[in-house]
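Accompanying notes for the structure given below.
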Amino acid sequence: MHSSRHRLNFEEHRILFDPIQNPRRGISIFMGILLAITAWGGFCYILQWRYGLGASGLNQPVLWGFYITNFVFFIGISHAGTLISAILRMAKAEWRRPITRMAEVITVAVLYIGAANIIFDLGRPERAFFLFLYGRYQSPLLWDASSITAYLTASSVFLYLPLIPDIAILRDRFADRKWLHRFYQVFSFGWDGSPRQQKVLNIGITIMSVVVIPIAVSVHTVISYIFSMTLQPMWHSTIFGPYFVCGAIFSGIAALIVMMVVLRKIYHLEPYLKPIHFNYLGILLLVMSLLWFYFTFSEYLTGFFGHEPTEMRVFWSKVTGTYAPYFWTMVFFNFVVPVLILSFRRMRTIGGVLVASISVLAGMWLERFTIIVPTLANPRLPFPSGIYFPTWIEWGLMLGSFSFFVFLYLLFSRFFPIISIWEIEEGREVGLEEVEERIRSYLPETAGTFNSREKERST
Amino acid sequence: MALWGMVIDLDKCTACQACLIACKSENNVPFVGKQQADRGRIISWLEIISETEGEYPEVRTRFIPRPCLHCDNPPCVKVCPVYATYRNPEGIVAQIWERCIGCRFCMAACPYAAKYFNWHQYRIPESMEKGFNPDVYVRRWGVVEKCTFCSHRLLRARDRAAAEKREMRADEYVPACVEVCPSKAMYFGDLNDPDSVVSVLGRSPRAFHLLEDLGTEPKVTYLMEGERHALL
Amino acid sequence: MKVGLISSMIEGKRHWLLLAGIILFVLIVVFFFTTVMGRGVKQPIQFNHKTHKEQGVECSTCHQYVREQTFAGSPKIEVCWECHEEPITESREETKIQQYAKENREIPWVPLYRMPKHVFFTHRRHVAVAGIQCETCHGKVGEMVKPPAKQLKTLSMSACMDCHRDTGADNDCLACHN
Amino acid sequence: MRISRRHFLKMFMGAVAGLSAGCTDFEKISTGWRSSEKWGNPLEEWIPSICQQCIGGCGLLVRVIEGRAVKVVGNPLHPVNRGGICPKGLAGIQSLYDPDRIQTPLKRAGERGEGKWQPISWEEATAIVVERLRGLKEKRLTNSLVIIAGQFQDLREPLLHRFTDAYGTPNYIRNRCFTPNEVSKAHFLMQGVTSPLGYDLMNAGLILSFGCSLLEAWISPVFQLRTFGHIRQERPGNRGRIYVVDPRFSVSASKADQWIPIRPGTDAALALGMAYVIIQEGIYDRKFVERNTFGFEDWTDGEGKSHVGFKTLILNEYKPFTVSSITGVPVEDIFSLARAFVNRRPAIALGEKGLSYRPNDIYTRMAIHSLNGLSGSLGSKGCLTVQSDVPLTAWPGTEQEESVRFGNSQPRIDGAGQGKYVLATDAMENLPGNILAGRPYPVEVLFLFHTDPLFSHPKRDTFIKAFEKIPFIVSFSPFLDETSHHADLILPDHTFLERWQGSPVRHSSGFSLFSLGRPAVEPVHSTRDSADFLIEVARRLGGGMAKAFPWKNSEDLLVQTTKGLYHSREGYVVSLPEEEAFRQFLEKAGYRIQETRSFEIFWDSLSAKGAWWSPAGSSAEVRKLIRTPSGKFEFYSNTLKNQMKRAADEVGGMERLLADLGLRARGDRLYLPHYDAVEAQQTAESIFTLNTYRLMSMSGVTAAQPWLQETLAPHVAESWENWVEINSERARNLGIRDGDRVWIESRKGKIRLKARILPTVAPSLVHIPFGQGHRAYGRWARGRGSNPNDVIMTLEDTLKGFGILSGTQVKITKA
């Protein structure tokens, strides 16, 4: 294990310090643009506040639209992070090392935005605190509030714990910068890399990994409950919990891949993020795509086979009706594109994986949309079924949400290394041996047998 | 304790929509104007649902007035995160406007689409505000509103009875829609009283409930159109 | 600049700045509460509740609907007129009654207690049926020589509900909310 | 000082909202409505009134709190509606508080129709009108005053009539399609009755309606709705049947036991086809027909000339297959309908819809009414009845000076009652043309009363031109409607909730009734009851005019007029049904309770309860129902024959008259119910026949009431505009989808409307409801949809004097 006392070769990880030390002008400008878009979103929100939720395109049957779609989508993406990183940590997948930090940041950043989207959707946002004053535990919305809060706390801690040694590194690296130094000093909690500290930290990380997984699973399960706990056609489904979790991880991985490619490009992280990482993540994405398709297929097949009239109205509106374009685009983006690209080793290049990921992100957003809107637009009673067109306010808030997410991400990378330095070091120092040890432990005791088999095969 | 319920005899109902306007007038329900109406934001606690089957000349249209059905097992109540909507001991599914945070979960959960949202602060010309019913609070923007069985009338009827030191009679409390129905197709009363009109009619072989199979146990019973007579 | 201020506070160098900040904050709060939240009510006549009570005038003599209606009612001029047709005292306030009577208009009393519109409150049920004393909610107005400028007791939903709970009255939301 | 959570929130929100967009009206938002002063009259009052949103004459109770009318409900005691009320009635409160009401008298300041007005005082306005009228009087031109009055039922009706009468002009012209206070023409011709029609619908076993929209906008909607509820489920073991013959699948049709779609204008043929089945199968009421009818069998008159009887005519000409091919109704339906009609007696055939069925639809109405004769639906419970008059105090007689008599003896400007308009009481159709031509004399002054012909009449353009020829136009409308825009002087009337009303309501149900309405609220604006105004003008004109109007004001008029009720010793002020049942029981036993000891008490009771009625006022006795010279129900109408003869003399020969009327029938058939073929319709892919209709909560008058604008119809969810209903298949062929905008084009003009594709529409028709497309009439009504009158080619129904608003050929194209 690495210790910061043991002098780290700062030069070796120069690339990682660069964004902090010599922030690139282009990125600053880009952040400025993002902030401007966010401000535009804020302006939209002020307008919405001024005129009421009527400023959106929501209407009587279609009373949830972009905001809830974004909410589900963003919370879904948040699974990228913590869940994947926790699972990989638990599984001791060594290739995780340069990825975990990126994933965790996604989680934390995106959770805020998801939560904000739910606030956007409230008719009386200033009464949101009623949830805590007068909360009714029977309501899935309160389960949501609780589990999201828990997840936010847990994943913040989970992000922060492994960050401490790195902050200490930064503290030492930037000893000459007064404010920055002081900033890191506060947050490094006096980390000195002593074995005791390392032990505590490791225990902390392990505990958090264990804790975070059920919380993450619960978050999206509970979000699915918002829909499945109602009696509405194509919402009231038992499969929704796992379906949503699967979709969340699916979109999370895609988001992670996209962020990795982007950051690799702008921060020149090629030495850290190698094609192998993308290959592995690509395989993971492929698996999730297949799993997602399996869920979707069985969800729609059971609905179709039962042929319950109200259910079928929604079904047909998705399959052949008003929402068919969204639905089939979703299938194309979520299944056809990723499976076609990722099934072939040759196409699992960084570019290929990126294309598949972007496709999945778009597809998953559409998936949320096609789950929410068509059901609302086709209520049970013969009611004037509604048509929903988002207004520019909703588009503005959606754009604002996305750009604020990227902004937060870049802001983080502006102050903290986006790849865990100490974990890379740890990988070098401890991981290699550990892995070798572990692989050995998988295999039969005598090395001779192994060697002789190898020989046999080669001949 | 009473359990308030309604019976609507579809064989007598003429789809005249008087109930609907009576409700708007009684409960200060705003009109939303052309632009909002085109976006599907008309608020109308009671609505006449129409359903047409067949092709000319073999056609059939059914009209069903749908107030809030005040389910005994209301799907909307379960999902409200702040107790803004709840089923009171007398069976009225109430909406407390000043508690509502406007999340619209209850609207999404209601299979009857009986809840409405104030998408804006609806304003009407000052002169028309004089026509507001002072007994009913004017809902503000961003909250969900719905039929309350005119519970403010219950409050006042009960208060009158208490002031006269007697029990309130069931017939002192009638919602505005029932009061004005020109063809007397709507009945209102205490379902706990086996001899009340609503209980008797509820046992009619013509009786049915909307979307009965959902198990929401609505307290608004409909009587089918047709030959067979109510038990009155 | 701001950072400097904060840091100086933290470092405890310039205590007066901190003090000034706190005072400023308190002033803002006080200002806010006194101006925005209402300056209190000024009645057209400086009515002396105490004297009237001592003379044996009941609350319900002037607030005459208290037992019959949901509202208690502001005193009508004809009620005042019954006793004050001829001046009884030398009070300057009393002459105002004559003035209003001469102009044939009601005294523009300013309502002090107003229920929010989403609450249905009925005086007759609380006073006539339940027999609650006026003081319970309105405080000891009867001992005041000037009309209260502010509510002597703050009426809040929890106060209502506590009393309802203690007396076994209905605490259902719809028992009060419109 | 109360610092509640609510306050705090309010402040917080106020701060945020203020910061966010400089919102200044926050306080207003949160208040909703201003708290009222508690020392006004804090108690609620319920004041009886009469609904004037249509002619139904329902009794209202207005809930008044602190001088504000906050709710209208039906008067539970009122015999017409018994506490029920329709959406229009409920929305009346919105017209009271409409922000676009005219607030003071207005004098035209700019050019006509320019919309520039100068507010003037009532004194000045009265002086202007008096001066004008006095001027005409001096010039012996009193007949050049024309009053056009719309559709309403009130004592103002006789009052206006009296005004014209005492002033000396025959030109009191009604612009309306329903004439509930007049006898229906067909009933007059066949039964000889002279009082308004009545049907005992409550006890009918079967109601066969030919296009009368029982449940939408017939004579007295709420009474009919009440009837519907009653006959469906309130007569255990005797559920009434309702059959609706209508080209459109109306709400009435959808609530009926059977809808019989029919080719428009061919109702007569169907009725006569049914008569064929009834006669052929011999299931008609033989006793009644033999004893009480005239002209059923072939007959020979006094001169020995033989005449064709109804039976022969029917059996020869209206065989079911013929009828089926004319009407499009399947043969088996004709049979089943006819059999049901006689088997489920008492049965009533309703053929008195407001708009005309077709040109010269008197024969259609007679044909339908002949079914009532065949099934003997006269003289028993559940059949036709007749209303007796309300025993009001007769108004003092008018002494007419010579000049007044001269004026009154002039021919009417619209020509009603003369020549080819022989049967018409009013000929609105003819009016603008005659004004333009100055025939028979020019019009000097026009009063417009509760009518808006520039909106409601298809001859809008001609009317505008005609109005330009009139030097002085006075409108009494409380709203600045289309016609008022062309007036010189607007004298805003009270809305009905602000004024005294008295109405000897005429409606379809028979019993005699007088409703009284008190002003529910103080006038909101400086408006004036037009009745008061007329009384004032009459007083100032002096002479016989003043003597004809001896009342102080409309309240006095009512007090004086209702004295007759008190002294008549019949009927009583309405009370609870139980109480009335007891009283009727006593009356049957020969006792009559003297209800009140003095007129004052009677008046108090009447003005507190809102109506007086005499349930015994209607009669179902055959003797009273049949008043023809022959004393029989006349299939062959001698009255019609006499009238036609008179008219023929006026125009110079029968052939000339028949040519004017466009009648093809000759000889005996002219006085028998018969069917004249309608012209063949054009057929092309995009050509449709336009059918217009009225809905319960949508009319020209109520277009200014936002509640109704948001609940226009139960069968389509439309609001704030009208639409055109098109058959699904034809729309598909034209590439029109539900909700598309389409052009509806006739030879007269074109309008743009939203298309609603419905499976209920007959392929050859399109339906447009009336009531939208105002060009003025306040913010709520103006510019909502299009007015179908802009495409309607008026066909004249000369015998009725009212244009036909359906049947125009229109072309539909996608906009």
Side-chain angles (χ1 to χ4, degrees), chain A residues 49-64 68 118 121-145 225-227 229-233 235-236 308 310 372 375-376 379-389 391, chain B residues 32 35-44 47 49-53 62 64 66 75-86 96-122 140-144 210-211 213-216:
Chain A
W49 185 300
R50 175 84 175 76
Y51 295 110
L53 249 189
S56 67
L58 302 169
N59 55 43
Q60 184 57 26
V62 189
L63 38 96
W64 283 343
I68 295 289
I118 245 265
D121 191 63
L122 288 186
R124 298 301 282 265
E126 79 278 5
R127 291 184 183 166
F129 69 93
F130 282 11
L131 277 173
F132 305 102
L133 278 187
Y134 309 114
R136 175 197 197 108
Y137 255 96
Q138 201 180 4
S139 167
L141 210 60
L142 207 72
W143 309 346
D144 258 1
Y225 286 173
I226 293 187
F227 306 102
M229 290 290 160
T230 67
L231 288 168
Q232 305 299 8
W235 278 6
H236 190 51
E308 208 254 319
T310 46
I372 294 165
T375 292
L376 289 168
R380 278 177 192 271
L381 289 180
F383 190 80
S385 51
I387 298 168
Y388 168 65
F389 290 110
T391 56
Chain B
V32 300
Q35 196 198 355
Q36 294 293 311
D38 284 349
R39 303 175 86 171
R41 290 171 177 172
I42 291 179
I43 302 180
S44 179
E47 208 146 346
I49 297 167
S50 75
E51 195 179 20
T52 300
E53 292 162 6
R62 288 177 65 183
I64 301 179
R66 190 239 49 213
C76 61
V77 163
K78 285 187 273 192
V79 300
C80 178
V82 291
Y83 286 100
T85 184
Y86 78 108
I96 307 297
W97 340 104
E98 289 300 275
R99 174 66 65 81
C100 176
I101 61 170
C103 68
R104 305 188 300 295
F105 198 176
C106 55
M107 295 171 74
C110 176
Y112 306 100
K115 294 197 146 197
Y116 296 85
F117 189 68
N118 283 277
W119 296 100
H120 292 279
Q121 177 66 39
Y122 295 111
R140 296 192 259 154
W141 78 100
V143 298
V144 173
L210 269 191
L211 306 179
D213 51 341
L214 293 184
T216 51

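Each chain gets a letter, A, B and so on, in the order its sequence line appears, and its residues count up from 1.
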> Between Thr375(A) and Trp235(A), do the side chains contain an N or O donor and an N or O acceptor separated by less than 3.5 Å?
Replying inline: yes
When you compare the side chain of [Y] with that of [X], does any pair of heavy atoms fall below 4.5 Å?
| X | Y | result |
| --- | --- | --- |
| Arg124(A) | Cys100(B) | no |
| Pro75(B) | Thr230(A) | no |
| Phe227(A) | Ile68(A) | yes |
| Asn118(B) | Trp97(B) | no |
| Arg127(A) | Arg99(B) | no |
| Leu63(A) | Lys115(B) | no |

> Rounded to the nearest 0.5 Å, what separation is found between the CE atom of Met229(A) and the CZ atom of Phe105(B)?
Replying inline: 9.0 Å
> Rounded to the nearest 0.5 Å, what separation is found between the OH atom of Tyr83(B) and the OG atom of Ser139(A)?
Replying inline: 10.0 Å
Counting only heavy atoms closer than 4.5 Å, note whether [X] contacts chain A via side chain, backbone, both or neither.
| X | answer |
| --- | --- |
| Val77(B) | both |
| Pro111(B) | both |
| Cys110(B) | backbone |
| Leu211(B) | side chain |
| Leu210(B) | side chain |

> Heavy atoms under 4.5 Å from chain A: which residues of residues 35-43 of chain B carry them?
Replying inline: Arg39(B), Gly40(B), Arg41(B)
By a 4.5 Å heavy-atom criterion (distance strictly below it), what part of [X] contacts chain B: side chain, backbone, both, or neither?
| X | result |
| --- | --- |
| Trp143(A) | neither |
| Ile118(A) | neither |
| Ala55(A) | backbone |
| Ile226(A) | both |

> Highest number of heavy-atom pairs under 4.5 Å with chain A: which of Arg104(B), Glu51(B), His120(B)?
Replying inline: Arg104(B)
> What's the shortest heavy-atom distance between Glu126(A) and Trp141(B), and which atoms?
Replying inline: OE2-CZ2, 4.4 Å
> Looking at Leu141(A), Leu142(A), Leu131(A), which makes the most heavy-atom pairs under 4.5 Å with chain B?
Replying inline: Leu141(A)
> Does the distance from a Lys or Arg side-chain N to an Asp or Glu carboxylate O, for Arg62(B) and Glu53(B), drop under 4.0 Å?
Replying inline: no
